[in-house]
Peer 1: 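I'd like to ask some things about the structure below.
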Amino acid sequence: MKAPFSVAIQPKTPAEADKMRVAGRLAAEVLDFITPHVKPGVTTGQLDKLCHDYMVDVQKTIPAPLNYAPPGHRPYPKSICTSVNHQVCHGVPGDKVLKHGDIVNLDITVIKDGWHGDTSRMFCVGEPSIQAKRLCDVTYECMWKGIAQVRPGATLGDIGHAVQRHAEANGFTIVREFCGHGIGQRFHEEPQVVHYGRPGQGIRIEQGMIFTIEPMVNAGKRDIRMLGDGWTVVTADHSLSAQWEHTVLVTADGFEVLTVSPGMPAVPAFVKPANALAAAS
Ligand code: MF3
Ligand code: CO
Ligand code: CO
């Protein structure tokens, strides 16, 4: 998602980063909460309702997607995004029944105390095909290849290149129309964090910046289409698509992942131990 307005990037203060740490953890905890419910027979609408009630009643957070209306979009009608199989992102929950072998991305954004936390994971419903599992795994690695680039002095091109290279080395393609984004008191802020590019290009990363890395990776061609609901994005060739997302703070010497929770999947071994520790703290 792109930031609706172009404004100068304001690195967050340590006090603001603390607020974002809380929001980030809460967003990740919604994913932990919903995990046992992602089973054959459940509808995406039921997952939305369960998450909505958990956010509002248990966490006392606000589901950021609900009625979110960036320029050029009608208000988003639900509290989470559920993107199944060939759906790339922003899948609108409804009557769709999850069945054995489906893959689904659940994307959660909460607002706590005015600050946003944004994270998504892939879920396999029952046993996935080898191809579907490989797409989910490679996309997870793509997100972490990008995160591992984050430090003051690196560029956004370094992130995009690392993500793109890993996807394409595995025969997959990167969606270009949607990107990661700065995040804070607004859902989508500058900068745009695209998931392709060249090392050294783009703006320089500074300590205190907070942005998401959220690659969308297609098993087939990279082209996408928008459904008639004005939100759900699908692959043009109907090939499978996967996405993972974390919200990341730039620290003095690297990164800290803010969207951490007890149930998050393990950090890949290629992420340096020092940074992996930061991610787990
Ligand atoms: N959570 C998505 C992102 O990562 C944005 C969803 S916008 C919505 O940027 F309105 F569809 F919820
Ligand atoms: Co996001
Ligand atoms: Co998101």
Side-chain angles (χ1 to χ4, degrees), residues 1-5 20 23-31 34 44-45 47-48 51-52 55 61-84 87-94 104-112 115-123 139-140 142-143 146-147 150 156 159-160 163 174-195 209-217 224 226-234 241-249 257-261 264:
M1 197 80 216
K2 293 184 170 109
F5 308 103
M20 290 294 288
R25 179 177 45 77
L26 287 163
E29 285 175 357
V30 177
L31 290 171
I34 202 64
T44 53
L47 296 176
D48 175 74
C51 289
H52 174 94
M55 290 186 259
T61 57
I62 298 168
L66 190 57
N67 298 316
Y68 183 60
H73 283 271
R74 63 193 81 162
Y76 188 79
K78 296 288 176 179
S79 295
I80 71 171
C81 298
T82 57
S83 303
V84 183
Q87 296 180 345
V88 172
C89 64
H90 305 163
V92 179
V104 56
N105 174 277
L106 301 184
D107 193 342
I108 306 291
T109 312
V110 305
I111 309 172
K112 184 68 166 183
W115 297 85
H116 291 71
D118 188 7
T119 185
S120 80
R121 296 179 194 158
M122 293 303 297
F123 296 83
T139 305
Y140 185 64
C142 284
M143 175 187 67
I147 293 172
V150 174
L156 292 183
I159 297 175
V163 174
I174 293 282
V175 172
R176 308 265 179 138
E177 291 83 353
F178 296 90
C179 55
H181 49 92
I183 182 167
Q185 286 179 292
R186 283 158 304 165
F187 196 160
H188 295 102
E189 303 183 349
E190 299 291 322
Q192 290 184 38
V193 182
V194 299
H195 303 107
M209 286 180 176
I210 297 180
F211 50 78
T212 71
I213 297 179
E214 51 178 300
M216 281 140 275
V217 178
I224 55 158
M226 170 84 75
L227 294 190
D229 63 12
W231 277 104
T232 306
V233 176
V234 299
S241 187
Q243 178 178 30
W244 292 79
E245 174 175 28
H246 270 312
T247 300
V248 176
L249 165 70
V257 173
L258 301 181
T259 36
V260 291
S261 67
M264 71 189 262

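When a ligand or atom number is given, it counts from 1 through the structure's own listing order. Please read all numbers here as calculations on a predicted model, not as lab measurements.
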Peer 1: Can an N, O or S atom be found in E245 less than 2.8 Å away from the Co ion (ligand 3)?
Peer 2: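 An N, O or S atom of E245 is closer than 2.8 Å to the Co ion (ligand 3), so yes.
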
Peer 1: For N/O/S atoms only: which one belongs to D118 and is nearest the Co ion (ligand 3)?
Peer 2: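 Of all N, O or S atoms in D118, the Co ion (ligand 3) lies closest to OD1.
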
Peer 1: I need the contact type for C81 against ligand 1. Using non-hydrogen atoms and a strict under-4.0 Å cut-off, is it side chain, backbone, both or neither?
Peer 2: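 For C81, only side-chain atoms sit under 4.0 Å from ligand 1.
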
Peer 1: Would you give the angle at the Co ion (ligand 2) between H181 atom NE2 and E214 atom OE2, to the nearest 10°?
Peer 2: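 Reported to 10°, the angle equals 90°.
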
Peer 1: Do the side chain of T212 and the main chain of H181 share a donor and acceptor less than 3.5 angstrom apart?
Peer 2: yes

Peer 1: For S83 versus H90, what's the shortest heavy-atom pair and its separation?
Peer 2: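 Closest pair (atom of S83, atom of H90, distance): OG-N, 3.4 Å.
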
Peer 1: Starting from atom 2 (C) of ligand 1, find the nearest protein heavy-atom neighbour and note its residue, name and distance.
Peer 2: D107 OD2, 3.3 Å

Peer 1: What are the atoms of ligand 1, with element, lying closer than 4.0 Å to any heavy atom of H181?
Peer 2: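 The list of qualifying atoms is 3 (C), 4 (O), 9 (O).
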
Peer 1: So for F178, does at least one of its heavy atoms come nearer than 4.0 angstrom to any atom of ligand 1?
Peer 2: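 Flag not set, F178 not near ligand 1.
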
Peer 1: Starting from atom 7 (S) of ligand 1, locate the nearest protein heavy atom and write down its residue, its atom name and how far away it is, to 0.1 Å.
Peer 2: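 That would be Y68 CD2, 3.9 Å.
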
Peer 1: Does H246 offer a backbone N or O that forms a donor-acceptor pair with the side chain of T259 under 3.5 Å?
Peer 2: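 Not at all, since once roles are kept as given, no pair shorter than 3.5 Å links the two residues.
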
Peer 1: Relative to ligand 1, is D118 under 4.0 angstrom through side chain, backbone, both or neither, heavy atoms considered?
Peer 2: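 Looking at D118 and ligand 1, just side chain atoms fall under 4.0 Å.
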
Peer 1: Taking D48 for the side chain and K78 for the main chain, is one N or O donor matched with an acceptor at less than 3.5 Å?
Peer 2: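 No, because the side chain of D48 does not come within donor-acceptor range (under 3.5 Å) of the backbone of K78.
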
